[in-house]
Amino acid sequence: MATAAVAGTVRPKSFWRDWVLTVDHKKIGIMYAVTGLFFLIFGGLAALAIRTQLAMPGAEVLKPDSFNQFFTMHGTIMIFLFVIPMLAGAFANYLVPIMVGAQDMAFPRMNALSYWLYLLGGIGLMISPLLGAMPDVGWTAYPPYSIESKGIGLDLWVTGVHILGLSSILGAINTIVTIFNMRAPGMTLNRMPLFVWAMLVTSFIQLFGVPALAGAVTTLLFDRHLGTVFYSVAAGGDPMLYQHLFWFYSHPAVYVMVIPAMGIVSEIIPVFSRKPIFGYHAIAYSSVTIGLLGFLVWAHHMFVAGMQVEAGIPFMVTSLIIAVPTAIKIFNWLSTLWKGSIQFTTPLLFSAFGFIFLFAIGGLSGLFLAAVPIDIHLHDTYFVVGHFHYVVFGGTMMAIIAGLFYWYPKATGRMYNEKLGIWTFWIYFFGTNLTFFPMFLAGYLGMQRRVYDYIHTPEMFLWNKLATAGSFIIGFATILVFYNILVSLWKGAKAEANPWGAQTLEWTVSSPPPEHNFHEIPVVTAYPYNFGVSGKDHKRFSDDDAVRV
């Protein structure tokens with residue numbers, strides 16, 4: 001066994017040096033998580049305001065202009081300030097270096113810069129309500145309306161998106177370099193944890209996709225203030241160009257949210273099934289396939305935007321094909337669970353029952369929208385809203401909560417309240433389905449998305465009432481998550497180094513891990529899911545261990 005001594009350093013004493021000036025990837029990950037959860041509060045409150053308005057058609061809970069501003073801020077906050085930073089910022093920062101046996105990210109100072117840019121971009125987006133100038137163009141900011149939108153709200157939005165994009169690119173470069181250059185001896189690509197595989201693919205998507213979004217919003221800003229005509233039809237421009245650029249990034253961005261979530265699920269299911277994960281290579285390489293195909297499906301958002309029907313056929317085909325690698329993951333997770341010694345803990349419930357079930361509904365409903373003839377009828381209805389939220393909230397949010405509870409003992413040194421966690425899952429599960437499934441039915445009946453009011457038929461009224469009731473149940477469940485996290489910091493039992501009996505490297509060190517993670521660099525000689533295999537508990541692997549895949 002080859003080991004290398006690692007020199008320790010003295011932990012800074014003051015809060016300023018310990019947190020504000022830190023370059024420790026674990027603390028930066030925690031800072032991402034705390035900031036993201038803080039933004040979640042505002043995004044969630046905006047959603048409740050929107051749903052309250054829609055439950056009382058004809059009333060004026062929000063003014064029409066305010067309604068537009070609230071759903072713009074809701075979408076922007078949830079995507080740019082919560083989901084993506086939680087997965088690509090919090091989880092990736094905390095887990096990737098320690099999972100590959102490294103002491104830190106490849107560029108620790110650049111890592112810290114990424115976080116502070118994220119915070120600055122978030123402040124830029126959130127300051128518009130304080131100035132009374134919230135953007136009202138939706139999170140897509142389609143021209144021509146976005147060019148004509150008054151006030152500085154959209155300018156702040158564009159500036160914030162730019163800063164957040166820069167933060168994402170720096171973070172992606174750091175993650176890629178760390179994975180390729182700082183893995184522990186013996187950790188080949190085919191021995192990496194599946195979450196690391198997921199973050200490698202995600203980082204490449206960000207690296208190639210974000211510049212397209214930056215180009216779209218930059219030219220939009222030029223049209224607003226410098227007299228350019230990129231998107232002015234009267235002057236020879238084309239608003240479709242914006243949509244092509246926007247969706248070239250923003251559809252792969254869905255996979256920036258989903259692939260890390262799949263990585264979290266892939267870590268949790270074998271641990272609580274006590275079985276080697278079924279189809280390690282299939283799961284790892286399907287992430288790569290999804291990442292590649294993700295750049296070939298963007299135009300399915302534009303079937304009714306003026307494209308010729310024939311031009312949409314190739315995008316329909318690729319959009320249907322991308323379901324294959326996704327299905328491969330799901331079948332392998334189910335095969336792992338099959339005849340496993342299952343422990344029904346909170347992380348497993350959120351992963352197996354939450355993510356898989358709800359994401360499957362979101363994925364299957366996406367097949368309807370990928371087909372040109374059906375999409376023409378369902379486009380921009382609440383069917384799309386239901387599909388999107390089943391994928392991003394029902395799926396990704398479930399994985400985020402699963403990950404929070406799974407690695408909570410490692411990050412805090414405390415155990416959470418298991419009974420409260422299980423109750424929280426069932427409340428979340430019920431509330432999510434009650435909120436988003438009626439949207440399929442409302443959309444099928446023709447209810448348009450992004451509308452302040454709608455036709456008050458009894459069926460439409462009922463589906464919106466149920467969806468609103470469900471949203472408040474989700475809000476209550478979210479409060480329980482916050483309560484469990486905060487109270488357990490003080491009252492939770494002390495956590496062991498490896499309370500779950502997991503085999504990835506982060507569980508071989510104390511809870512919480514020491515600075516620089518490892519006193520001795522580990523040597524890896526097997527892949528990390530050999531549950532039930534004699535001598536493959538976890539920790540340091542001996543040279544005579546056989547690799548079992």
Side-chain angles (χ1 to χ4, degrees), residues 64-77 79-81 84-85 113-114 116-173 205-253 256 295 298-299 301-302 304-307 380 450:
D65 288 344
S66 299
F67 184 86
N68 290 343
Q69 294 167 346
F70 270 67
F71 80 68
T72 299
M73 293 304 292
H74 166 68
T76 301
I77 292 170
I79 292 172
F80 293 126
L81 299 184
I84 293 177
L113 176 62
S114 298
W116 290 110
L117 285 173
Y118 158 59
L119 182 61
L120 179 63
I123 292 172
L125 287 172
M126 294 296 295
I127 201 170
S128 58
L130 301 177
L131 300 176
M134 282 194 289
D136 60 352
V137 295
W139 79 279
T140 56
Y142 280 173
Y145 181 61
S146 55
I147 297 173
E148 300 169 355
S149 179
K150 305 299 182 187
I152 64 169
L154 187 64
D155 302 321
L156 291 170
W157 185 89
V158 171
T159 305
V161 169
H162 264 298
I163 297 172
L164 292 170
L166 178 59
S167 169
S168 294
I169 290 175
L170 294 179
I173 293 171
I205 294 175
Q206 288 180 297
L207 196 60
F208 292 117
V210 170
L213 177 65
V217 297
T218 300
T219 47
L220 179 66
L221 200 64
F222 287 174
D223 274 13
R224 281 173 60 84
H225 297 294
L226 299 182
T228 57
V229 291
F230 290 103
Y231 307 122
S232 171
V233 175
D238 187 357
M240 287 278 286
L241 172 61
Y242 178 88
Q243 294 193 34
H244 280 294
L245 290 171
F246 180 85
W247 287 114
F248 183 78
Y249 164 76
S250 294
H251 192 86
V256 170
F295 283 103
W298 79 89
H301 293 272
M302 302 161 59
V304 299
M307 286 175 58
D380 270 344
R450 305 189 184 104

Ring centroid separation for Phe295 and Trp247, is it under 6.0 angstrom? no

Are Trp298 and His251 an aromatic pair by the rule of ring centers under 6.0 Å? no

How long is the gap from [atom1] on [X] to [atom2] on [Y], to the nearest 0.5 Å?
| X | Y | atom1 | atom2 | value |
| --- | --- | --- | --- | --- |
| Thr140 | His301 | OG1 | NE2 | 11.0 Å |
| Gln243 | Met302 | CD | CE | 5.0 Å |
| Ser168 | Ile173 | OG | CD1 | 11.0 Å |
| Met134 | Asn68 | CE | CG | 10.5 Å |
| Phe80 | Tyr118 | CZ | OH | 12.5 Å |
| Ile79 | Leu164 | CD1 | CG | 12.0 Å |

Taking the side chain as everything from C-beta on, heavy atoms only, tell me whether [X] gets closer than 4.5 Å to [Y].
| X | Y | result |
| --- | --- | --- |
| Leu125 | Ile77 | no |
| Pro144 | Ser232 | no |
| Ser146 | Leu220 | yes |
| Pro129 | Met73 | yes |
| Leu221 | His162 | no |
| Tyr142 | Val137 | no |

Return the orientation label for the Phe71 and Phe67 ring planes: parallel under 30°, perpendicular over 60°, tilted otherwise. perpendicular

Give the minimum heavy-atom separation between [X] and [Y], together with the two atoms involved.
| X | Y | result |
| --- | --- | --- |
| Leu154 | Ala141 | CD1-CB, 4.3 Å |
| Val233 | Pro239 | CG2-CD, 3.4 Å |
| Ile147 | Pro143 | CD1-CB, 3.9 Å |
| Gly306 | Met240 | C-CE, 4.4 Å |
| Gly171 | Ser114 | N-OG, 3.5 Å |

Is there a donor in the side chain of Tyr242 and an acceptor in the side chain of Thr219, or the other way round, less than 3.5 Å apart? no

Under a plain distance cut-off of 3.5 Å, with no hydrogens placed, do Thr72 and Trp139 share a side-chain donor-acceptor pair? no

Quick one: list whatever passes salt bridge (Lys or Arg N to Asp or Glu O under 4.0 Å) with Asp136, sequence neighbours left out. none

Any donor-acceptor N/O pair, [X] side chain to [Y] backbone, under 3.5 Å:
| X | Y | value |
| --- | --- | --- |
| Ser167 | Leu117 | no |
| Arg224 | Ser149 | yes |
| Asp238 | Tyr231 | no |
| Thr218 | Gly215 | no |
| Thr228 | Phe222 | yes |

Start with the C-alpha distance between Trp157 and Thr76, add both sets of side-chain angles, then the distance that settles side-chain hydrogen bond (donor to acceptor under 3.5 Å, both in side chains), and finish with yes or no. CA-CA 9 Å; Trp157 185 89; Thr76 301; 3.1 Å; yes

